[in-house]
Amino acid sequence: MGVVGQGHTQQLQGRPVFLQQRPAGPRATALWGVLPYLVLVLLVNGSAWRYRYDRFGFTTRSSQLHEHRLLRVGSPLFHYGLLFVVAGHVVGLLVPESLTERLHIGETLDHANSLVLGGAAGLAAVAGLGLLLYRRLRVPAVRASSTRSDRAVHPLLAAVLVVGPAATASGARPDAYDYREGVSVWFRSLFVLGPDVAAMARAPAVYQWHALLGMALFALWPFSRLVHAFTAPLTYLARPYVVYRSRTPARPYRHLALPARPGPHRPRGDGRAAARRPGGPRP
């Protein structure tokens, strides 16, 4: 599956000459041409297997009962930051540069957006994850509830979130690498089953490490608590309103007497009642 790059032009004696890229080596082909599809197969089939044999395990295994003060701050910070990070990746990787140029979004504005919004979202996710990891290590009950998959996923997730902002910060220089001409091209080529291996092989090491760590995270996804992302309650946004009614009347109407509950009526001269009274006639 080694794919030859599209090549580039170079000035030779005042004339542009098209230079064809050499075919990617076996190592690059294995990393950027074969490994993504293996991870996708493992993610889909592993999630289906987990849903069939551990359907009730699609949960976060919440430890809120053990500690809630740090969780109340770290969890929203991590999750909301991660949502914006994912949205930025979707726009940056799937939207081609030609489309943004037609929308009059220049390269300068795109880089500024990545640095400001993407950097802020990445820092929020890193801060939230750091607070959650500190809580898991410092609270004995939370630490005791950790599983082996947690010990593998948490450091990997931290590495992904640290390398990501580092890659974003590396693009702050004017002559920095433009990931939309390399990493994005490789990522979109995966969907047409023709991976541009050379485009990813030419990327800087920080982008390559970010991609490899991300693929490792998706490979472990079905076997960890990260599967709870597939059970997000999206239908909650469209559910009907739930009307609650109190068992007691409202405060302004408490002065009104409630009607007595009807009960069985017996005549006053009932012989059985008289028999229960001391000195009454026996039945």
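Keep in mind it's a predicted model, so treat the numbers as computed, not measured.
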Worksheet entry | Contacts of Leu156 that satisfy side-chain contact (heavy atoms from CB on, under 4.5 Å) - sequence neighbours left out | Leu213, Ala216, Leu217, Leu220
Practice prompt. Group every Ile, Leu, Val, Met, Phe, Trp and Tyr by side-chain heavy-atom contacts under 4.5 Å, then state whether Val142 and Leu133 land in the same group.
Written response: no
Discussion item. Quick check: is Phe218 connected to Leu157 through a chain of hydrophobic side chains (ILVMFWY, heavy atoms under 4.5 Å apart)?
Written reply: yes
Discussion item. My understanding is that only residues two or more places apart in sequence, or in another chain, count here; which of them pass salt bridge (Lys or Arg N to Asp or Glu O under 4.0 Å) with Arg136?
Written reply: none
Give the table of side-chain donor-acceptor pairs shorter than 3.5 Å for residues 188-195, with sequence neighbours excluded, one pair per line with atom names and distance.
from	atom 1	to	atom 2	distance (Å)
Arg188	NH1	Leu93	O	3.2
Ser189	OG	Val185	O	3.4
Ser189	OG	Trp186	O	2.6
Ser189	OG	Asp196	N	2.9

Discussion item. Please give me the minimum heavy-atom distance between Ser47 and Pro222, naming the atom from each residue.
Written reply: N-CB, 3.5 Å
Discussion item. Can you give me the closest heavy-atom contact between Ala199 and Gly182, atom names plus distance?
Written reply: CB-O, 3.6 Å
Fill in: Pair listing, side chain to side chain donor-acceptor pair (under 3.5 Å) test, anchored in residues 126-135, at least two apart
Ser63-Arg135, Glu67-Arg135
Worksheet item: Would Val39 end up clustered with Val90 when hydrophobic side chains under 4.5 Å apart are linked, directly or stepwise?
Response: yes
Worksheet item: Any chain of hydrophobic side-chain contacts (each under 4.5 Å) joining Val153 to Phe230?
Response: yes
Worksheet entry | Spacing of CZ belonging to Phe187 relative to NE2 belonging to His89, to within rounding of 0.5 Å | 9.5 Å
Fill in: Listed once per pair and sorted, the ring-ring contact (aromatic ring centres under 6.0 Å, His included) pairs that draw on residues 154-181, sequence neighbours left out
Tyr177-Tyr207
Worksheet item: If you draw a 6.0 Å radius around CZ in Phe223, do more than 12 non-hydrogen atoms from other residues or ligands fall strictly inside?
Response: yes
Item to complete: Output all residues satisfying side-chain contact (heavy atoms from CB on, under 4.5 Å) with Leu212, sequence neighbours left out; order by chain, then residue number.
Response: Leu31, Trp32, Leu35, Met215
Item to complete: Can you run down the side chain to side chain donor-acceptor pair (under 3.5 Å) pairs that involve residues 215-228, sequence neighbours left out, and say none if there aren't any?
Response: Asp150-Arg225
Worksheet item: What residues join Leu137 in its hydrophobic cluster, counting side-chain heavy atom gaps under 4.5 Å, either direct or through other members?
Response: none
Worksheet entry | Arg151 side, atom CZ; Arg143 side, atom CZ - distance, nearest 0.5 Å | 10.0 Å
Show every donor-acceptor pair shorter than 3.5 Å between a side-chain atom in residues 71-87 and any protein atom, with sequence neighbours excluded, or say none if there are none.
from	atom 1	to	atom 2	distance (Å)
Ser75	OG	His79	ND1	3.3
His79	ND1	Ser75	O	2.8

Worksheet item: Should Val206 and Met200 be regarded as members of a common hydrophobic cluster, given that ILVMFWY residues are connected when their side-chain heavy atoms come within less than 4.5 Å of each other, either directly or indirectly?
Response: yes
Practice prompt. Keeping the roles fixed (side chain from Ser184, backbone from Val95), state whether a donor-acceptor pair exists under 3.5 Å.
Written response: no
Worksheet item: salt bridge (Lys or Arg N to Asp or Glu O under 4.0 Å): which pairs involve residues 25-40, sequence neighbours left out?
Response: none
Discussion item. Suppose the criterion is salt bridge (Lys or Arg N to Asp or Glu O under 4.0 Å): which pairs have a residue in residues 114-127, not counting sequence neighbours?
Written reply: none
Worksheet item: If you round to the nearest 0.5 Å, how far is OG of Ser145 from CG of Leu65?
Response: 10.5 Å
